[in-house]
Number of protein chains: 2
Amino acid sequence: MASRPKATILDIAREAGVSKSTVSLVLQGSGLIRPETALKVRKAIEDVGYVYNRGAANLRKAHSNVIGMVINDLTNPFFAEMAVGMERVFQSAGIVPFIANTAENPVRQEEVLKSLMEQGVAGLIVSPARGTTPGAFRRIETAGLPIVFTMRRLPESRIPVIAPDNHRGAWLATAHLIGKGHRRLAFFGGSSDLVVYHERLGGFREACEGLGIAKRDTLVVEGETSRKGGIACLETALAMAEPPTAALCFNDAVAFGVMLALRKRGLEPGADFAVVGFDDVIEAQHYMPALTSVAVDSAGLGERAAHVMLKMIQSRTTRAEDHIGAVNLVVRDSCGPDRRAGMGDAA
Amino acid sequence: MASRPKATILDIAREAGVSKSTVSLVLQGSGLIRPETALKVRKAIEDVGYVYNRGAANLRKAHSNVIGMVINDLTNPFFAEMAVGMERVFQSAGIVPFIANTAENPVRQEEVLKSLMEQGVAGLIVSPARGTTPGAFRRIETAGLPIVFTMRRLPESRIPVIAPDNHRGAWLATAHLIGKGHRRLAFFGGSSDLVVYHERLGGFREACEGLGIAKRDTLVVEGETSRKGGIACLETALAMAEPPTAALCFNDAVAFGVMLALRKRGLEPGADFAVVGFDDVIEAQHYMPALTSVAVDSAGLGERAAHVMLKMIQSRTTRAEDHIGAVNLVVRDSCGPDRRAGMGDAA
DNA sequence: GCTATTAAATGGAACGTTCCAACAAATCAA
DNA sequence: TTGATTTGTTGGAACGTTCCATTTAATAGC
């Protein structure tokens with residue numbers, strides 16, 4: 001029971017009556033060893049309860065078989081889905097991904113990255129925390145460790161990014177709302193220190209402009225990217241003199257918050273106020289009413305990120321191309337036509 | 001750019017004009033070093049872009065500062081919440097938790113555990129995958145590594161478990177349904193290869209018996225512990241000659257599925273059929289109608305598990321007491337009275 | 001029978017840290 | 001002055017692997 005001194009390959013060697021080199025070869029599945037010898041060694045390994053020491057091995061070998069996955073918000077189901085996609089790919093490549101959560105805290109992120117590097121990971125897949133300073137990854141870059149960003153990009157970094165087509169997604173969603181006859185539109189949630197925010201907001205603005213909505217008929221309310229943030233956004237919007245009749249939300253969490261707040265005020269999401277989300281998390285289809293949302297294929301993005309990482313590791317490079325994932329609008333029940341508008345179509 | 005040979009403490013030593021031992025001392029924050037020397041060394045560390053090699057260090061030091069967290073289903077928000085609770089505790093203890101997902105797959109679990117051990121973790125917090133064989137942890141136990149189970153326990157294992165009071169939770173929920181006048185009750189979801197299942201089902205059965213519901217008026221439908229499973233359970237139940245009027249669900253996911261299926265049949269959850277969930281995930285309060293559920297304080301359980309682990313590591317023991325977390329029923333809108341029953345109270 | 005060739009196994013030198021015992025220099029006690 | 005003590009610093013031996021160069025044993029070619 002009491003933790004006796006750990007067995008090493010020398011213990012195995014003694015037990016099996018061979019040299020440590022032979023044991024090492026067996027451990028690595030080398031074909032140079034006679035099958036009978038290998039069998040004998042494997043038996044000894046079992047007998048002494050040996051645990052391979054990867055730290056010692058990495059001292060000589062170039063790189064390990066673990067990659068780090070740093071996620072800014074594990075409680076967002078979106079990231080969990082993405083993580084699962086990555087794991088599928090890595091598993092079949094014999095790589096074990098270790099996940100660490102930063103809870104959107106740059107200081108925590110720093111610690112986590114440091115720890116992962118010290119552990120000797122072969123690569124890093126990161127969804128950076130909000131407020132990450134541009135220099136946060138310099139150290140890792142100069143160490144020559146492959147990194148890829150997912151979902152979020154940093155202002156002036158040349159690290160490859162795997163992300164959905166935020167601009168187009170927002171454009172599609174906005175066009176859908178305008179097509180339903182809405183003429184006073186809002187963009188809810190998110191904050192301007194995120195690059196993604198500007199991408200999505202950009203799509204929203206471009207659609208409005210291109211489809212004849214005047215800038216004074218659009219409303220932008222920043223807020224937390226959570227249910228709570230959504231609730232706050234709606235309150236702010238409805239307090240205006242001429243409130244909007246529809247909103248594109250930064251993500252589904254915000255959209256859920258908005259729908260909640262509508263209900264609390266006795267308004268019916270969809271009928272009285274149109275809501276579109278972004279991400280299309282699984283919950284979206286199960287809400288009442290089911291949420292219209294921009295599907296980004298989170299698991300697919302995760303897989304893509306994993307593939308890019310594998311390729312970077314194999315080719316020992318630290319560069320790769322960005323990958324912008326296709327999006328598509330999934331129309332459900334959360335946005336009906338503008339009831340206050342005349343029945344005639346566009347202006 | 002190209003990954004130049006990694007800097008070691010010897011490089012630092014050369015750069016700073018001291019010995020490697022001095023550098024090592026500085027890295028460990030020893031007070032034995034003259035402040036000016038320490039400063040000089042720290043500057044050199046910065047200059048050469050040094051990354052500490054924990055693998056090499058662990059070769060001499062007894063144990064590392066990382067613990068592994070093995071979770072059976074990362075996409076269940078419940079586990080994400082629990083993980084966040086653990087992280088809070090570990091962070092303040094200077095320990096970095098690495099999370100790995102097994103996706104309810106015992107083979108994957110084996111791989112993940114192996115990898116974590118090879119990495120030299122100081123301890124393991126595990127929520128075992130369904131179908132884990134009793135011997136799966138023997139190796140780890142004989143290695144003298146502290147393990148804690150969360151949420152689930154293995155049939156004949158003496159590994160400490162941190163879990164909610166499943167029996168009492170189920171009892172409370174069932175009593176609530178009976179108090180509302182329901183006389184034909186169902187237990188939905190889960191499967192009998194989980195110990196938790198028997199605990200919860202046991203609470204349900206005991207409440208029924210104790211409060212005068214005949215066994216023939218109860219219905220137990222096993223099923224997946226997901227929305228899909230919940231849908232299937234309800235279909236099965238409503239196909240019976242005398243269907244139940246209320247159900248306790250194995251967890252919230254199942255409950256959401258049941259509510260969904262009710263709606264699809266034009267029945268209103270709460271009014272036409274009472275539903276209680278288990279776990280009280282965040283979504284529960286946001287559903288329509290808001291779900292009555294047994295709150296288990298997931299983050300609290302996570303914190304507790306982390307504390308137990310810390311204590312085990314400190315006292316270098318592999319034993320600890322189980323911890324059964326308090327539960328309480330959160331009554332919301334998903335279970336009204338039995339409309340088919342007479343107005344008179346209990347039999 | 002002898003040398004080449006192949007197959008199987010091995011010793012020893014790394015790898016980057018920690019930690020102990022030892023040392024040098026300065027301060028103190030006598 | 002000598003010896004003891006304190007303060008800062010240092011070399012060297014581990015730690016558990018991998019991998020190269022080498023040895024030994026067995027087989028083939030002539």
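So that the names make sense, note that chain A is the first sequence line, chain B the second, and so on, each numbered from 1.
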Could you tell me how far apart [X] ([atom1]) and [N] ([atom2]) are, to the nearest whole angstrom?
X	N	atom1	atom2	value
A:Ile12	C:dT10	CD1	P	14 Å
A:Leu32	C:dA9	CG	C1'	10 Å
B:Leu59	C:dA14	CG	P	17 Å
A:Asn53	C:dT17	CG	P	15 Å
B:Arg54	C:dG16	CZ	C1'	14 Å
A:Glu36	D:dA25	CD	P	17 Å

Please tell me if the side chains of A:Val66 and A:Gln119 come closer than 4.5 Å, counting only heavy atoms from C-beta onward.
no
Check whether any side-chain heavy atom of B:Val195 sits under 4.5 Å from a side-chain heavy atom of B:Leu154, and report yes or no.
no
Between D:dC15, D:dT9, C:dA9, which nucleotide gets closest to the side-chain atoms of A:Arg34?
C:dA9
Check the pair A:Lys6 / A:Asp11 against salt bridge (charged side-chain N to carboxylate O under 4.0 Å, His left out), numbers first and verdict last.
CA-CA 9 Å; A:Lys6 279 191 286 231; A:Asp11 298 313; over 6 Å; no
Quick check on D:dT10: is either OP1 or OP2 less than 4.0 Å from any side-chain nitrogen or oxygen of B:Thr22?
yes
Is the shortest side-chain N/O distance from A:Ser19 to OP1 or OP2 of C:dT10 below 4.0 Å?
yes
Heavy-atom contacts, protein to nucleotides 18-24 of chain D, under 4.0 Å, summarised as B (base), S (sugar-phosphate only) or - (none) per nt, yield BB-----
Taking the nucleotide of DNA chain C with the closest heavy atom to each, which residue, B:Leu10 or A:Ala38, is nearer the 5' end?
A:Ala38
Describe, in one word, how the ring planes of B:Phe98 and A:Phe98 are oriented to each other, choosing from parallel (under 30°), tilted (30 to 60°) and perpendicular (over 60°).
parallel
If every non-hydrogen atom of B:Val112 is compared with every non-hydrogen atom of B:Asn101, which pair is closest and at what distance?
CG2-O, 4.2 Å
Going through the checks in order, is the side-chain contact (heavy atoms from CB on, under 4.5 Å) test met by B:Ile99 and B:Phe79?
CA-CA 11 Å; B:Ile99 305 169; B:Phe79 286 106; over 6 Å; no
